[in-house]
Protein chains: 2
Amino acid sequence: MMFSKACEYGIRAAVYVALQSLDGRRVSVNEIAEEIDSPIAFTAKILQQLSRSKVIHSVKGPTGGFELDRTEMDTVKLSMIVHAIDGDDIYVGCGLGLKECNANQPCPLHDKFVDIRTDLKNMLENTSLYELATGLEVGLTYLKR
Amino acid sequence: MMFSKACEYGIRAAVYVALQSLDGRRVSVNEIAEEIDSPIAFTAKILQQLSRSKVIHSVKGPTGGFELDRTEMDTVKLSMIVHAIDGDDIYVGCGLGLKECNANQPCPLHDKFVDIRTDLKNMLENTSLYELATGLEVGLTYLKR
DNA sequence: CCAATAAAGGACATTTTTGTCCTATTTATT
DNA sequence: AATAAATAGGACAAAAATGTCCTTTATTGG
Ligand code: FES
Ligand code: FES
């Protein structure tokens, strides 16, 4: 509703990869799609994007799969995933669909919209995969239901 | 980026109707589409929806068009437009795409997401068409660019 | 080297959203 | 009553997002 389906799957997938990487487990597309309840082939495409944009790391061949090392879990923020998949609409777009958001010729909703967008942006930039994975680890949160 | 295109057009259209109604002018689909820079026929559909959901009032026949009386400009909030066009995803949907947002089995982003969604919801529920139209009236804001 | 395994990627299919066109209905004016 | 102007609405078209299938490439282990 705020992110595309692709982006939702991307975040869920990345969090799952982070979670399993905490245990040193490398995971396959099939396992990921199963665990986050997403369409396999579509999820594979998204994982490719995340891999290309260095959000997660991929390894080909037997024993291959997706992983993320511990330090990256702290540096990879949600904003990177959203940016990799949905682009920068969330950062530069006008809430009412004008060509671009421009404070000098604002749309009627600009001021109110920018406040919310700034909060969202800050949230995305300050939330790491590690933070999200730890909630899952202790069983407080869920990636499917 | 947060609302559908239909919803963006809907809000812009409704604000324009409100603005013109302040001068007692009833406006046609063609004028609206011209002034908010939107596709005519598509805008007509959206105006139908808004009319059906009582956000604006429509009058058929010669001298007909869309209008909104002064008291309605205060009571009609953005939330009504968004609800009429995009439904209640914004209210009940999970940010990571789980079936529904459920605080008892939250997704990893739930707490952070709910904060932002609540702000957005409040903003939509507290912003009237009158408020948006007045900014336009004095030339501070724009509906196209 | 060979076979098996897993991601990468291209081509295609389906669904949803966005957008167009044409006809029907309502109503003001003459 | 006839005409014309306007919205209502149905049917269709195009584009974008979502989703599938199959082939290629890299890598491991025997
Ligand atoms: S101009 Fe519309 S949100 Fe800034
Ligand atoms: S459960 Fe995901 S936002 Fe509430």
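Order of the sequence lines fixes the chain letters, A, B, ..., with proteins taken first and strands second; residue numbering starts at 1 for each chain.
Remark: side-chain polar atoms of A:Lys144 are paired, donor with acceptor, to backbone N or O of A:Glu34 under 3.5 angstrom.
Atom-to-atom, CD1 of A:Ile46 to P of D:dT18 comes out at 8 Å; the value is rounded to the nearest Å. The separation between A:Phe3 atom CZ and D:dT18 atom P is 13 Å, rounded to whole Å. Atom CG of B:Leu50 is separated from atom P of D:dG9 by 13 Å (rounded to the nearest Å). Taking atom CD1 of B:Ile40 as the reference point, atom P of D:dA6 lies 13 Å away to the nearest angstrom.
Closest to the side chain of B:Lys45, out of D:dG10, C:dT5, D:dG19, is D:dG10. Distances from the side chain of A:Pro62 to the nucleotides C:dA7, C:dT5, C:dT18 place C:dT5 closest.
With hydrogens and angles left out, the side-chain atoms of A:Thr71 and A:Asp69 include a donor and acceptor closer than 3.5 Å.
Residues B:Asp86 and B:Thr63 each lie close to DNA chain C; by heavy-atom proximity, the contact nearer the 5' end of the strand is made by B:Asp86. Looking at which nucleotide of DNA chain D each of A:Cys7 and A:Lys60 is closest to, the 5′-most match is held by A:Cys7. Positionally, the nearest nucleotide of DNA chain C for B:Ala41 lies more toward the 5' end than for the other of B:Ala41 and B:Val59.
Distances shorter than 4.0 Å separate some side-chain N or O of B:Arg52 from OP1 or OP2 on D:dG9. Between B:Tyr9 and C:dG19, a side-chain N or O to OP1/OP2 separation shorter than 4.0 Å is present. The shortest distance between the side-chain N/O atoms of A:Ser51 and the OP1/OP2 oxygens of C:dA8 is below 4.0 Å. Taking side-chain N and O atoms only, A:Ser58 has a distance below 4.0 Å to OP1 or OP2 of C:dA8. In this model, the phosphate group of C:dA7 is not approached by any side-chain N or O of A:Gln48 to a distance below 4.0 Å at OP1 or OP2.
Under a 4.0 Å N-O distance rule, the pair A:Glu100/B:Arg145 qualifies as a salt bridge.
Aromatic ring pairs are classed by plane angle as parallel below 30°, tilted from 30° to 60° and perpendicular above 60°; the pair A:His83 and A:Tyr91 is perpendicular.
Both the sub-6.0 Å distance and the 45° axial angle are satisfied by A:Arg70 relative to the ring of A:Tyr130.
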